Novice: 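If you scroll down you'll find the structure; I have some questions about it.
Values in this document were obtained by computation on a predicted structure and should not be read as measured data. A, B, ... follow the sequence lines: proteins, then strands. Residue 1 opens every chain.
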Amino acid sequence: MEDGFDEANPSTIYKNQGGLRFVATVINWGKLKMSKFPLDTIRHSAAHIMAAAVRELFPDVKFDIGPSTDDGFYYDFDMEHRLAPEDLEKIEEAMIKLVNKRLPFEYSEVTRAEAEALFKGLGQTYKLERLADIPEGDKITLYKCGNFVDLCRGPHVENSGQTGAFKLLSLAGSYYRGKEINPMLQRIYGTAFPEKKDLNEYLRKIEEAKKRDHRKLGKELELFSTSDQVGAGLILWHPKGAFIRNTIETFWKSEHYKNGYELMYTPHIGKAELWQTSGHLDFYKESMYSPMEIDEVDYYTKPMNCPFHIQIYKSRVRSYRELPLRWAELGTVYRYEKSGVLYGLLRVRGFTQDDAHIICTPEQIESEIAEVLRFSLHIWKSFGFKEIKAYLATRPAKSVGAPERWEQALVSLEKAVKQAGLDVEIDEGGGAFYGPKIDLKIKDAIGREWQTTTIQFDFNLPERFDMSYIGEDGQKHQPYMVHRALLGSLERFFGILIEHYAGAFPLWLAPVQVMVIPITDKHHEYGMSILKALKEKGIRAEIDCRPETMGSKIKDARNQRIHYMAIAGDKELESKTVSVRSRREDQLGEMSVDALIQKIQSDIDNKI
RNA sequence: GCCAAUGUAGCUCAGUCGGUAGAGCAAUUCAUUCGUAAUGAAUAGGUCGUCGGUUCGAUUCCGACCAUUGGCUCCA
């Protein structure tokens, strides 16, 4: 009978604390079937049940909030007990008991004073603070399920039996109100679905994502690693990963040359004065590494390439006749990232941007932007990504640059996006202080979105570096400058690529395209001749001459995600053929080596 | 950076309530010469993340650090 709770008559709860009355939430939903409750209602209700269960197990708990999310729900708690993974099972068990009781969700509209009295009485300090956030005049509603009452705007399901199939997934720390200076609360993540099969499908998806995890595949396929001795967030590209990177870079470079770019190389460090002029030491210093002293002058490792490109621009007087300049560089930069945010290839401390700067006249800006976008989509298509969404970020409150420039920039960005036929979302005021931008998000094979391409105007650096060109009128003018990265960084892109293809790269990127498998050592010689024929045609082939069974060699080649296996035994030796197996289609039967070569070359050409 | 967890052979993991450790896979050697997802046997392989403390003795207990994992914050 905690808190005056009467099991037989739940509605009597808290009557002693302000005489609050609760009514069932049944009205909200009428006769809806459980599966008809909105997903977020089910999840939010599950969060309440979880909170109620936590309260039973740890009575001293203080509650913060417990919303539904895109994938499920969470609830933030503050308590003496440090939650451990074993606790999740106990909490789930307690939840199931509450579910089986089919306790009604009941709500009550109360006055601020009533709510304050209630939460003060319960010692729920976070709830009191959350209560204070509710604007004067707004309704204050409480939802109660069993002996757990929560400040909540609802809605909820009718009773605890309707929270569907749920599962608690993980524990995490989380700052109160998401602010670093606030105390860290304990968060439990879970998810819920109307039906068990939906939950299972979701859990299967998590498993699928785990299988594709680039950190796991990177190790298994020997693509990359990091080393404690080198340092966190610094990537070592192993031969196979480096091969793929080189293939990406070669393609990237040739496409850039074909599309009107020029490529450059610039140093990894630059004097403090350069970064002073660029403003990085004022605005970006916390992401830069400590300087090194050379001949009594401080030099910084570069976090960006732009100041160097600008120096090339400024190496002589520029005429309007040479604009637009499209200058690209695979520039390796180093940025300090907090230790806790490092994540495989996706968040690192040293990375190579596929950077470019477009320097042009105001008249050229619109077509230049359209062209960058077109080029970007072409590149994405080449790597097998087809679903792309654009995000347009406009002028923030604090910003530099003439209003008419911002206006023109936005118009050209909008036009370009429209022309490219992309779905676009506007992020009002989300631009950088130095200019508006378009970001592209690409969707991978299992539907996850990744932010990659960014196209950013910069009204700051041309000013700071006093960039100019001589116009038709013989006068000095300030050019427009646009930064853009298509793949983002090679590290991050490689991580995305690994997950997109689950390690099974398209043939043109695959480090090994064919594995020749002689059945016994009688066939080694013939196998070697096949290997030679393939290599002569520039096909990346290897041969497996280990004294293993054919089945074992096939298994290993498959695990290495090798596209084609060319099996050579007595039959093939006699008919001068190979028996071909593909990763995708299993057995393709016997064919001549020439036929295999043709097949492979056609796959490569089609970027399959 | 913060909260929590983890760190044992190349990989995946077991184990030691304090007496310097074990499996499977991989590797090596030998045997097997095989027809479309694992042939068999033997051998070798570990400062138990690093440094310090407690102890007769530490991989085990304690502390610091490093790294990793799940989140939070951050990512102009």
Novice: Between A:R82 and A:D87, does any side-chain N to carboxylate O distance fall below 4.0 Å?
Specialist: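 Answer for the salt bridge query: no.
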Novice: Specify the separation, in whole Å, of atom CZ of A:R187 and atom P of B:G71.
Specialist: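 Nearest whole value for this atom pair: 11 Å.
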Novice: Anything under 30° is parallel, anything over 60° is perpendicular, the rest tilted; go ahead and classify A:Y75 against A:F77.
Specialist: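 Correct class here is parallel.
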Novice: Under 4.0 Å, counting only non-hydrogen atoms across every strand here, what does A:S339 touch: a base, just sugar-phosphate, or nothing?
Specialist: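 Touches a base.
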Novice: Would you mind listing every side-chain hydrogen bond (donor to acceptor under 3.5 Å, both in side chains) that reaches into residues 388-397 of chain A, with sequence neighbours excluded?
Specialist: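 For residues 388-397 of chain A, and leaving out neighbouring residues, the side-chain hydrogen bond (donor to acceptor under 3.5 Å, both in side chains) pairs sorted by first residue read A:K389-A:E425, A:Y391-A:E449, A:T394-A:E428, A:R395-A:S399.
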Novice: Give A:P396 one of three labels, base, sugar-phosphate or nothing, depending on what nucleic acid heavy atoms sit under 4.0 Å from its own.
Specialist: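 The answer is nothing, as A:P396 stays clear of every strand by at least 4.0 Å.
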Novice: When we call it a touch if two heavy atoms are under 4.0 Å apart, what does A:G178 touch: a base, just sugar-phosphate, or nothing?
Specialist: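 Touches sugar-phosphate only.
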Novice: So A:D521, base contact, sugar-phosphate only, or nothing? Heavy-atom distance under 4.0 Å.
Specialist: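 A:D521: base contact, heavy atoms under 4.0 Å.
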Novice: Heavy atoms from C-beta onward define the side chain here; which of B:A37, B:G35, B:C3 lies closest to that of A:D570?
Specialist: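 From the listed options, B:G35 comes nearest.
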Novice: Taking the minimum atom-to-atom distance to the side chain of A:T549, which one of B:A37, B:G1, B:C34 wins?
Specialist: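 It is B:C34.
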Novice: If you pin A:E337 and A:R558 to their nearest nucleotides in RNA chain B, which one's is more 5'?
Specialist: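 Closer to the 5' end of RNA chain B: A:R558.
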Novice: To the nearest angstrom, how far is A:D556 atom CG from B:A38 atom C1'?
Specialist: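 After rounding, the reported distance stands at 8 Å.
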Novice: Could you pick out which residue, A:G233 or A:R82, lies toward the 5' side of RNA chain B when each is mapped onto its nearest nucleotide?
Specialist: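 Whichever sits nearer the 5' end wins; that is A:R82.
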Novice: Base, sugar-phosphate, or nothing: which does A:E220 touch, judged by heavy atoms less than 4.0 Å apart?
Specialist: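 Since no nucleic acid heavy atom lies under 4.0 Å of A:E220, the category is nothing.
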Novice: Provide the Watson-Crick or G-U wobble partner of B:C65, both distances under 3.5 Å; none if there is no partner.
Specialist: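 Paired with B:G49.
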Novice: Is any side-chain N of the basic residue among A:D444 and A:R212 closer than 4.0 Å to the acidic one's carboxylate O?
Specialist: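 No.
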Novice: Check this for me: does any side-chain nitrogen of one of A:E207 and A:K210 sit under 4.0 Å from a carboxylate oxygen of the other?
Specialist: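 So A:E207 pairs with A:K210 through a salt bridge.
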Novice: Could you state the atom-to-atom distance from CZ of A:R581 to P of B:G35 in whole Å?
Specialist: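 To the nearest whole Å, that distance equals 15 Å.
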Novice: Specify the separation, in whole Å, of atom NZ of A:K211 and atom C1' of B:U12.
Specialist: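 In whole Å, B:U12 C1' and A:K211 NZ are 17 Å from each other.
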Novice: Counting only side-chain heavy atoms from C-beta out, which of B:C72, B:A67, B:G1 sits nearest to A:E180?
Specialist: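 Nucleotide nearest to A:E180's side chain: B:G1.
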Novice: Between C1' on B:U33 and CD on A:E525, what's the gap in Å once rounded to a whole number?
Specialist: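 Atom-to-atom, A:E525 to B:U33, this comes out as 16 Å.
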Novice: Is A:H483 touching bases, backbone alone, or none of the nucleic acid, heavy atoms closer than 4.0 Å?
Specialist: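 Here A:H483 touches no strand at all.
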Novice: Give me the distance, rounded to whole Å, that separates B:G24 from B:G15 when you measure between the C1' atoms they each carry.
Specialist: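 Going atom to atom, C1' in each nucleotide, I get 15 Å.
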Novice: So, is A:R177 near the phosphate of B:U73, with a side-chain N or O under 4.0 Å from OP1 or OP2?
Specialist: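 No, outside the criterion.
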Novice: Could you check how far NE2 of A:H523 sits from C1' of B:U36, rounded to whole Å?
Specialist: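 Atom NE2 in A:H523 sits about 14 Å away from atom C1' in B:U36.
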Novice: Hey, are A:E329 and A:K302 close enough for a salt bridge, meaning a charged N less than 4.0 Å from a carboxylate O?
Specialist: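 Between A:K302 and A:E329 there is a salt bridge, with a charged N closer than 4.0 Å to a carboxylate O.
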Novice: Quick one: A:K219 NZ to B:C13 P, roughly how many Å, whole number?
Specialist: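 The answer, rounded to whole Å, is 9 Å.
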Novice: Please determine whether a side-chain nitrogen of the Lys or Arg among A:K90 and A:E93 lies less than 4.0 Å from a carboxylate oxygen of the Asp or Glu.
Specialist: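 Between A:E93 and A:K90 there is no salt bridge, as every charged N stays at least 4.0 Å from the carboxylate O atoms.
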Novice: Given B:C34, B:U36, B:C2, identify the nucleotide with an atom nearest to the side chain of A:T520.
Specialist: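 Of B:C34, B:U36, B:C2, B:C34 is nearest to the side chain of A:T520.
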Novice: Tell me what A:G551 touches on the nucleic acid: a base, only sugar-phosphate, or nothing, going by heavy atoms under 4.0 Å.
Specialist: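 Sugar-phosphate: the residue A:G551, judged by heavy atoms under 4.0 Å, touches backbone atoms but no base.
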Novice: Using a cut-off of 4.0 Å on non-hydrogen atoms, how would the nucleic acid contact of A:E572 be classed: base, sugar-phosphate, or nothing?
Specialist: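 The residue A:E572 makes base contact.
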Novice: Do the side chains of A:D71 and A:K205 get close enough for a salt bridge, i.e. N-O under 4.0 angstrom?
Specialist: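 A:K205 and A:D71: not salt-bridged.
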Novice: Taking the side chain of A:Y434 as its heavy atoms from C-beta onward, which of B:G35, B:U39, B:A76 lies nearest to it?
Specialist: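 Minimum distance to the A:Y434 side chain belongs to B:A76.
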Novice: Between B:A4 and B:C11, how far apart are the P atoms? Round to whole Å, please.
Specialist: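 Straight-line distance between the two P atoms is 28 Å.
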Novice: With a 4.0 Å cut-off on heavy atoms, is A:Y176 in touch with a base, just the backbone sugar-phosphate, or nothing at all?
Specialist: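 A:Y176: no heavy atom of the nucleic acid under 4.0 Å.
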Novice: In Watson-Crick or G-U wobble terms, both distances under 3.5 Å, what is the partner of B:A14?
Specialist: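 Result: none.
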Novice: Among B:G70, B:C75, B:C3, which nucleotide has an atom closest to any side-chain atom of A:M184?
Specialist: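 When the side chain of A:M184 is considered, B:C3 is the closest of B:G70, B:C75, B:C3.
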Novice: Could you work out which one of B:A37, B:A67, B:C2 sits closest to the side chain of A:D228?
Specialist: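 Nearest nucleotide to the side chain: B:A67.
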Novice: Rounded to whole angstroms, how far apart are CZ on A:R546 and C1' on B:C30?
Specialist: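 In whole Å, B:C30 C1' and A:R546 CZ are 17 Å from each other.
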Novice: Considering only B:U68, B:A76, B:A38, which nucleotide approaches the side chain of A:A432 most closely?
Specialist: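 Out of B:U68, B:A76, B:A38, the nucleotide with an atom closest to A:A432's side chain is B:A76.
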Novice: With a 4.0 Å cut-off on heavy atoms, is A:R215 in touch with a base, just the backbone sugar-phosphate, or nothing at all?
Specialist: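 Sugar-phosphate, backbone atoms only, no base.
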Novice: Any base atoms under 4.0 Å from A:S579, or only sugar-phosphate, or nothing? Heavy atoms, all strands.
Specialist: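 It contacts base atoms.
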